[in-house]
Number of protein chains: 2
Amino acid sequence: MAAPAIAQTVESSVGPLRATVLAEGLDHPWALAFLPDGRFLVTERSGRLVLIESGVVSGVVEGVPNVVARGQGGLLDLALAPDFETSGQIYLTYAEPAEDAGLQRGTGTAVMAAKLVLTNGGGGQLEDQRVIFRMNNFTNSTRHFGSRIAIAPDGNLFVTLGERGDMDRAQDPEDLAGGIVRIAPDGSVPEDNPKPEGWAPEFWSIGHRNPQGATIRPGDGVLFTVEHGARGGDEVNMPTAGDNFGWPVITYGVDYSGVAIGEGTEKEGLEQPIHYWDPSISPSGLDFYEGSLMPDWEGDLLLGGLSGAVLVRLDMEGDAVVAEERLFEGQLGRIRDVRVGADGAVYLLTDADNGQLIRVAPEGK
Amino acid sequence: MAAPAIAQTVESSVGPLRATVLAEGLDHPWALAFLPDGRFLVTERSGRLVLIESGVVSGVVEGVPNVVARGQGGLLDLALAPDFETSGQIYLTYAEPAEDAGLQRGTGTAVMAAKLVLTNGGGGQLEDQRVIFRMNNFTNSTRHFGSRIAIAPDGNLFVTLGERGDMDRAQDPEDLAGGIVRIAPDGSVPEDNPKPEGWAPEFWSIGHRNPQGATIRPGDGVLFTVEHGARGGDEVNMPTAGDNFGWPVITYGVDYSGVAIGEGTEKEGLEQPIHYWDPSISPSGLDFYEGSLMPDWEGDLLLGGLSGAVLVRLDMEGDAVVAEERLFEGQLGRIRDVRVGADGAVYLLTDADNGQLIRVAPEGK
């Protein structure tokens with residue numbers, strides 16, 4: 001594999017944009033958070049939670065959960081609680097081993113809440129760890145854990161769950177796989193969850209395949225997600241309470257073999273995406289742009305492509321995507337996470353053995 | 001120039017699609033219509049109206065208007081009246097010379113209505129020619145004639161008009177350049193035109209740059225257009241009655257020099273596109289897909305790209321574009337017109353000295 005370039009520049013709708021590698025040598029980094037002290041907190045899929053400062057891994061956080069680091073599983077998403085500065089509260093998603101869940105076999109997506117205590121030596125420690133959520137059906141599959149967290153303005157957590165490679169699970173209203181759940185910070189079920197008849201009470205929406213990006217729209221608190229289709233049919237959704245987003249009954253993709261899936265692209269009672277990709281880009285990571293560096297992007301969605309190896313901007317007008325801008329296509333590798341920093345720059349994680357943390361900003365900024 | 005391939009195949013959302021050249025040697029063909037007898041009627045920008053049968057120009061229609069065939073001007077769009085089979089009525093748009101309009105100088109977009117009489121020898125003759133519309137301000141510019149015709153279910157004609165390369169004209173409510181007009185089949189102004197105060201009565205909408213595609217949505221009769229931006233900012237619009245679509249006050253593009261145009265991308269009182277392109281593709285031709293060959297495309301918009309050298313499908317959900325599929329990119333040349341045939345195939349005209357008529361359909365169909 002060629003050594004990564006330190007910086008690359010592309011033309012964009014806001015002029016020349018530069019991608020600068022801030023750190024490398026990360027083992028399939030999955031999720032990024034910004035600490036108030038300027039450091040980056042990053043999960044590696046193989047199970048480490050690391051602190052990055054001045055371009056290097058400056059410390060490791062102890063006390064993370066055991067994970068099943070096989071296939072697409074491992075230590076996955078990461079979110080700081082809104083009151084992180086005072087509480088130190090963080091949330092992690094991960095592929096949990098059966099034994100830790102008191103089960104006989106398999107793995108499933110789980111959410112751990114814990115307090116992050118930073119130590120003087122530059123590392124950190126999780127304390128008061130609690131598994132506040134887990135799937136209600138563990139299986140041996142190593143695929144489709146989903147597992148992004150988006151924290152709503154009311155403090156509740158949306159957690160996206162893949163269907164674990166078993167498409168029928170996405171339409172089972174009692175099986176949490178292939179759905180988006182809404183839970184309180186302690187894992188309990190909020191009273192105002194939609195709870196259509198026959199649905200597990202944690203559900204917000206069902207019929208999802210493998211949602212690997214989730215974010216909340218600033219201003220109105222509306223949830224947006226991206227999910228992987230099969231061959232074709234990657235989607236951007238606005239998951240609405242108590243609704244069914246159709247996988248695998250409707251999809252804009254086909255099976256990897258080319259065989260049709262389901263009944264077509266539309267059906268009464270099943271919700272449509274607001275945008276889809278065919279061919280697929282394998283979307284991962286999702287954030288709304290807010291900041292001073294690219295003011296023309298204000299309110300637009302940013303996301304990464306894994307197979308697409310691309311940073312995508314979706315220009316939003318209200319709830320509609322009016323244009324798609326593809327940036328750094330094929331230049332940075334598989335993009336796993338995208339987060340907008342307080343400085344208005346866009347930060348990326350690339351999914352590789354030698355994964356990178358990258359900062360994207362206008363040239364010279 | 002390399003000889004064109006007779007057929008090319010690409011993968012698409014509906015499987016392998018084949019583009020077959022039906023005729024070539026056309027001189028910058030601009031618009032295509034299907035005659036009830038199976039022949040194609042095509043305008044050439046240089047001023048001919050030709051009949052195509054069995055892969056060759058089998059006849060020429062006499063009696064077309066004089067045109068100023070310079071720059072982007074010449075013989076442009078073509079539409080058959082809804083009652084063409086009984087009336088023989090057709091409409092042509094073109095760059096009209098000043099002298100034919102009783103003016104001293106310049107040229108402007110005009111619309112001629114005439115009766116097409118097909119002759120036994122294989123050619124045809126226009127009779128009862130009437131200029132039913134012309135711009136109210138002729139200039140020497142050879143650019144931005146716009147000039148697509150879309151016939152609404154009520155029989156009225158929408159005609160798109162470019163701003164003739166003078167952007168300020170698009171915001172002048174008395175100057176018909178840079179607007180879309182709505183006229184009756186005889187050229188008179190329909191009583192129910194929007195007529196905001198101060199607007200020329202022909203106007204349906206203003207603030208357009210160079211709209212080169214227009215079509216009516218089946219079912220509800222809503223007008224859709226595509227227009228060229230400058231560098232960036234090509235748009236799909238749903239022009240609504242009495243509204244201002246913003247050029248050059250708002251645009252998603254910049255000047256070809258890179259200099260900013262106008263005040264940004266949004267402004268109170270100015271309408272937004274439903275989709276735009278940056279970088280530009282130079283959209284031309286626009287039609288809704290209806291047909292049995294690509295049932296998954298039903299209700300989607302098809303258009304060509306000139307600089308983009310691409311056939312684009314926009315997947316429509318209601319009024320929103322949810323996905324863009326790019327087909328034959330760089331393979332067929334500059335695509336000037338796109339029309340869906342009664343057989344469900346898609347027919348293209350390429351803009352070249354040796355322009356082609358091309359049929360696109362699933363392989364073997």
Side-chain angles (χ1 to χ4, degrees), chain A residues 10-16 229-238 246 250-254 258-267 270-281 283 294-300 312-327 329, chain B residues 10-16 229-238 246 250-254 258-267 270-281 283 294-300 312-327 329:
Chain A
V10 294
E11 272 305 313
S12 81
S13 57
V14 288
R231 200 169 102 193
D234 295 342
E235 297 180 350
V236 183
N237 286 304
M238 291 177 62
I250 56 170
T251 173
Y252 286 90
V254 297
V259 170
I261 296 170
E263 305 175 14
T265 58
E266 299 183 32
K267 188 175 179 178
L270 302 179
E271 306 303 315
Q272 285 289 314
I274 62 163
H275 189 74
Y276 74 86
W277 289 270
D278 181 13
S280 295
I281 62 165
M294 294 82 120
D296 284 353
W297 289 8
E298 191 77 17
D300 292 344
V312 172
R313 179 179 68 93
L314 297 178
D315 192 329
M316 302 299 297
E317 290 294 328
D319 295 346
V321 176
V322 295
E324 176 177 344
E325 181 173 17
R326 292 183 175 221
L327 296 161
E329 196 159 3
Chain B
V10 295
E11 273 306 313
S12 80
S13 57
V14 287
R231 200 169 101 192
D234 294 343
E235 297 180 349
V236 183
N237 286 303
M238 291 176 62
I250 57 171
T251 174
Y252 287 89
V254 296
V259 170
I261 297 171
E263 306 176 14
T265 58
E266 299 185 31
K267 188 174 179 178
L270 302 180
E271 305 303 316
Q272 285 289 314
I274 63 164
H275 189 73
Y276 74 87
W277 289 270
D278 180 13
S280 295
I281 63 167
M294 294 83 118
D296 285 353
W297 290 6
E298 192 77 16
D300 293 344
V312 172
R313 179 179 68 94
L314 298 177
D315 193 331
M316 301 300 298
E317 288 294 328
D319 295 345
V321 176
V322 296
E324 176 177 345
E325 182 174 15
R326 292 182 176 222
L327 297 160
E329 197 160 3

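Numbers restart at 1 for each chain; the letters A, B, ... are given by sequence-line order, proteins then strands.
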(request) Step by step, work out the side chain to side chain donor-acceptor pair (under 3.5 Å) result for B:Asp315 and A:Tyr276. (result) CA-CA 9 Å; B:Asp315 193 331; A:Tyr276 74 86; 2.3 Å; yes

(message) Minimum heavy-atom separation for A:Ile274 and B:Val322, please, with both atom names.
(response)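 Where A:Ile274 meets B:Val322 most closely, the heavy atoms are O-CG1, 3.4 Å.
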
(message) Between B:Gln272, B:Glu11, B:Glu324, B:Glu317, who has the most heavy-atom pairs with chain A when the cutoff is under 4.5 Å?
(response) B:Glu317

(request) Identify which part of B:Glu266 has an atom lying under 4.5 Å from any heavy atom of chain A, answering side chain, backbone, both or neither. (result)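 Side chain only.
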
(message) What part of B:Arg313 gets within 4.5 angstrom of chain A, counting heavy atoms only: side chain, backbone, both, or neither?
(response) side chain

(message) Is A:Ser13 in contact with chain B via its backbone, its side chain, both, or neither, using a 4.5 Å heavy-atom distance?
(response) both

